[in-house]
Amino acid sequence: TQLLEQSPQFLSIQEGENLTVYCNSSSVFSSLQWYRQEPGEGPVLLVTVVTGGEVKKLKRLTFQFGDARKDSSLHITAAQPGDTGLYLCAAQGAQKLVFGQGTRLTINP
Amino acid sequence: NAGVTQTPKFQVLKTGQSMTLQCAQDMNHNSMYWYRQDPGMGLRLIYYSASEGTTDKGEVPNGYNVSRLNKREFSLRLESAAPSQTSVYFCASSPLVLYGYTFGSGTRLTVV
């Protein structure tokens, strides 16, 4: 079973600051996905990265897949209170996803 | 609205009671999944069904059973609930893992 480590586990910052969340493993991924989960709801897919070195942007969110396809990062520019939530990375395994433990992000006004 | 529907949303059970969590999707997805979510442990896979007629164990299957009733429905059964099964349960579906999952809104289960 692939083991995904996310860091930090908790992050609380002020509105307008930048932040980066990391997802690491000792295994090579065929693809990696990022989800955001709000309280009382299920996770919602943000992005899928497939190619080593790939960078995808979603408004103020930038996702990067490591060259060796063992790690990924999520960078948020000028964070807003609406970015508050639990961010989960998930690696593609055989017929299923394996999830990291999540980063709980709080953006304070 | 298209999506994954889970019932019930909340449930309290006494130790030893049984219950079935229901999940249905209307997106014609082949694969369906049951995860549990506990604080600090992310989402852990209980069982999955890669296609209608097949089911496989995930990371934490003990104490659970599943039924893929048809392409739309995938139920999770607790035969004899234990306090360790207190958790939030999520059902998800996918046409192909690479395309990502669509999750339901979860069932919050408490076993006392």
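Quick note on labels: first sequence line is chain A, next is B, and so on, each numbered from 1.
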Let me know if [X] has heavy atoms under 4.5 Å from chain B in its side chain, its backbone, both or neither.
{"X": "Gln37(A)", "answer": "side chain"}
{"X": "Leu97(A)", "answer": "both"}
{"X": "Gln9(A)", "answer": "side chain"}
{"X": "Leu86(A)", "answer": "side chain"}
{"X": "Val44(A)", "answer": "neither"}
{"X": "Glu41(A)", "answer": "both"}

Positions in [range] that reach chain A, provided some heavy atom is under 4.5 Å away:
{"range": "residues 15-23 of chain B", "result": "none"}
{"range": "residues 99-109 of chain B", "result": "Tyr99(B), Gly100(B), Tyr101(B), Phe103(B), Gly104(B), Ser105(B)"}
{"range": "residues 74-90 of chain B", "result": "Phe90(B)"}

Trace of the side chain to side chain contact (heavy atoms under 4.5 Å, CB included) decision for Lys56(A) with Thr62(A):
CA-CA 6 Å; Lys56(A) 282 193 173 180; Thr62(A) 301; over 6 Å; no
Spell out, as yes or no, whether a donor-acceptor pair under 3.5 Å connects the side chain of Asn18(A) to the backbone of Ala78(A).
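Flag set: sc Asn18(A) to bb Ala78(A) pair under 3.5 Å.
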Looking at Phe29(A), is its backbone amide N or carbonyl O close enough to the side chain of Arg69(A) to form a donor-acceptor pair, meaning the two atoms are under 3.5 Å apart?
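A pair under 3.5 Å: yes.
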Between OH on residue Tyr35(B) and CG on residue Leu45(B), distance to nearest 0.5 Å
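If we round to the nearest 0.5 Å, Tyr35(B):OH and Leu45(B):CG are 4.5 Å apart.
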Using 0.5 Å steps for rounding, measure from the CD atom of Gln25(B) to the CE atom of Met27(B).
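The distance works out to 5.5 Å.
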Using non-hydrogen atoms and a 4.5 Å limit, figure out which bit of Leu98(B) sits close to chain A: side chain, backbone, both or neither.
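Both backbone and side chain of Leu98(B) come within 4.5 Å of chain A.
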Answer with side chain, backbone, both or neither: which region of Gln37(B) has an atom nearer than 4.5 Å to a non-hydrogen atom of chain A?
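Just its side chain gets close to chain A.
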With a 4.5 Å cut-off on side-chain heavy atoms, are [Y] and [X] touching?
{"X": "Lys57(A)", "Y": "Leu61(A)", "value": "no"}
{"X": "Tyr64(B)", "Y": "Trp34(B)", "value": "no"}
{"X": "Phe63(A)", "Y": "Leu58(A)", "value": "yes"}

Evaluate the criterion side chain to side chain donor-acceptor pair (under 3.5 Å) for residue pair Glu73(B) and Asn70(B); output intermediate values, then yes/no.
CA-CA 6 Å; Glu73(B) 300 172 285; Asn70(B) 47 57; 2.7 Å; yes
Applying side chain to side chain contact (heavy atoms under 4.5 Å, CB included), run through Glu5(A) and Cys23(A) and close with a yes or a no.
CA-CA 6 Å; Glu5(A) 293 287 339; Cys23(A) 176; over 6 Å; no
Does Leu45(A) form a side chain to side chain contact (heavy atoms under 4.5 Å, CB included) with Val47(A)? I'd like the steps, not just the answer.
CA-CA 6 Å; Leu45(A) 178 66; Val47(A) 75; over 6 Å; no
Is a salt bridge present between Arg72(B) and Asp26(B), judged by a nitrogen-to-oxygen distance below 4.0 Å?
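A salt bridge is absent here (no side-chain N lies under 4.0 Å from a carboxylate O).
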Could you tell me whether Lys96(A) and Asp56(B) make a salt bridge, using a distance below 4.0 angstrom between a side-chain N and a carboxylate O?
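No, this pair does not count.
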Using a cut-off of under 4.5 Å for heavy-atom pairs, which of Ala90(A), Gly102(A), Pro43(A) has the most such pairs with chain B?
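Most pairs with chain B among the choices: Pro43(A).
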Test His75(A) against Thr20(A) for side chain to side chain donor-acceptor pair (under 3.5 Å), laying out the working first.
CA-CA 4 Å; His75(A) 182 79; Thr20(A) 303; 2.8 Å; yes
Kindly assign one of parallel, tilted or perpendicular to the pair Tyr35(A) and Phe99(A), based on the angle between their ring planes and the thresholds 30° and 60°.
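Tyr35(A) and Phe99(A): tilted rings.
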For Lys71(B) and Asn28(B), test the side chains for any donor-to-acceptor distance below 3.5 angstrom and give the result as yes or no.
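Judged by distance alone, the side chains do pair up.
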Members sharing Val112(B)'s hydrophobic cluster (side chains within less than 4.5 Å):
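Other cluster members: Val12(B).
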